Amino acid sequence: MKQKQIEDYEVNSCTMFIQPVEYGSKTYSLIYEVEDEFLSPVKPLEIIKNSCDYFGANYESRKRGSRKIIGNKRKVPIMIESTNHLFFFPTISPNSKECIWISHEHVENYIRIGPHQTSITFQNKQSHHFQVPYSTIEHQMLKTSLLKTKILQRIEKNERKLFYFLNRTKLSHTSESSHKYDSDFYVKDK
């Protein structure tokens, strides 16, 4: 697949992972989507930060929120956007030039292929080899699952509260209206 050059990029539901690549003294991003590959002169962490901004929250607040929710301090996964399940995790410290950001949603399977190598098969059946220990991928997948589960539970809980409130309000209005009509009926009969 031929890489397309791109300046600006926001993570979206097709983004599988963002990998750093060195061009001379600069770090670029190689972005893998389900059916496309892009090359951007922007570093992976900057793409993640810009994507958080694009969806209305800054990266630092997303990182702080993740830490509070899952109680972990290092290599925390982040939710870029919840509606499309854009949860990404770093393979090493996000500040490292070698950090790869992987979409939790797209990972189908992963296997150890060496002491510090893991092969990840994505939902589109593509496999990619990463110079990352299997235990790191497994740990990051579990942390991201925990974060995703807790955030989606909170969203669902709020939706249930709203649904209950709206239906209760609707029922009380309907009940008041039916009593009004009932009393009108009885008045006319007399």
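What you are looking at is a predicted structure, and each value in this text was computed from that prediction instead of being measured. The figures here come from the full heavy-atom set of this structure, side chains too, leaving out hydrogens, waters and symmetry mates.
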Original post:
Please walk me through it: do Ile69 and Arg154 pass side-chain contact (heavy atoms from CB on, under 4.5 Å)?
Top reply: CA-CA 11 Å; Ile69 291 171; Arg154 290 175 181 190; 3.5 Å; yes
Original post:
Between Glu98 and Ile92, does a side-chain contact (heavy atoms from CB on, under 4.5 Å) hold up when you go through it step by step?
Top reply: CA-CA 8 Å; Glu98 291 87 34; Ile92 56 178; 3.7 Å; yes
**OP:** Using the side-chain contact (heavy atoms from CB on, under 4.5 Å) rule, take Gln117 and Arg112 through it: C-alpha gap first, then chi angles, then the decisive distance, then the call.
**Re:** CA-CA 6 Å; Gln117 291 183 314; Arg112 182 187 329 264; over 6 Å; no
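The ring pair (Phe, Tyr, Trp, His ring centres under 6.0 Å) analysis of residues 116-156, with sequence neighbours excluded, yields the pairs Phe17-Phe122, Phe17-His128, Phe17-Phe130, Tyr32-His128, Tyr110-Tyr134, Phe122-His128.
Minimum interatomic distance between Ser29 and Pro44 (heavy atoms only, all atoms of both residues): OG-N, 2.9 Å. Taking both residues in full, the closest heavy atoms of Cys99 and Ser93 are given as CB-O, 3.4 Å, listed atom of the first, atom of the second, then distance. A pairwise comparison of heavy atoms in Val34 and Gln126 identifies O-NE2, 3.7 Å as the closest pair.
More than 12 heavy-atom neighbours from other residues, nucleotides or ligands sit within 6.0 angstrom of CD on Glu22. More than 12 heavy atoms of other residues, nucleotides or ligands shown are found within 6.0 angstrom of NZ on Lys75.
In this structure, the separation between CE on Met16 and CD on Glu33 is 8.5 Å, given to the nearest 0.5 Å. The line from CG of Leu30 to OG of Ser40 is 10.0 Å long, rounded to the nearest 0.5 Å. Once rounded to the nearest 0.5 Å, the distance linking OG of Ser51 with CZ of Arg62 reads 11.5 Å. The line from CD of Gln123 to CD of Glu108 is 5.0 Å long, rounded to the nearest 0.5 Å. One finds the NZ atom of Lys150 at 14.5 Å from the CE atom of Met79 (value rounded to the nearest 0.5 Å). Separation of atoms CD (Gln131) and OG1 (Thr136) is listed at 12.5 Å; rounding is to 0.5 Å.
Using a 4.5 Å heavy-atom cutoff, the side chains of Pro20 and Lys97 are not in contact. In this structure, the side chains of Asn12 and Asn84 stay at 4.5 Å or more apart for every pair of heavy atoms. Using a 4.5 Å heavy-atom threshold, the side chains of Lys4 and Asp36 count as touching. When side chains are defined from C-beta on, Ile102 counts as touching Val107, because their heavy atoms get closer than 4.5 Å. Counting heavy atoms from C-beta on, the side chains of Pro77 and His104 never come closer than 4.5 Å.
Hydrophobic cluster membership differs between Ile113 and Ile137, with clusters built from Ile, Leu, Val, Met, Phe, Trp and Tyr side chains linked at under 4.5 angstrom. Residues Leu147 and Met141 do not share a hydrophobic cluster, clusters being chains of Ile/Leu/Val/Met/Phe/Trp/Tyr side chains in contact below 4.5 Å. The same ILVMFWY cluster, assembled from side-chain heavy atoms under 4.5 Å apart, contains both Ile155 and Ile70.
Salt-bridge check for Lys43 with Glu46: failed, with every basic side-chain N at 4.0 Å or more from each acidic carboxylate O.
Apart from Ile18 itself, the hydrophobic cluster it occupies contains Ile6, Tyr9, Val11, Ile31, Phe38, Val42, Leu45, Ile47, Ile48, Tyr54, Phe55, Tyr59, Ile78, Ile80, Leu86, Phe88, Trp101, where clustering links Ile, Leu, Val, Met, Phe, Trp and Tyr at side-chain heavy-atom distances under 4.5 Å.
Side chain of His106 to backbone of Ser13: a donor-acceptor contact under 3.5 angstrom is found.
When the side-chain hydrogen bond (donor to acceptor under 3.5 Å, both in side chains) test is applied to Thr121, the partners found at least two apart in sequence or on another chain are Ser127.
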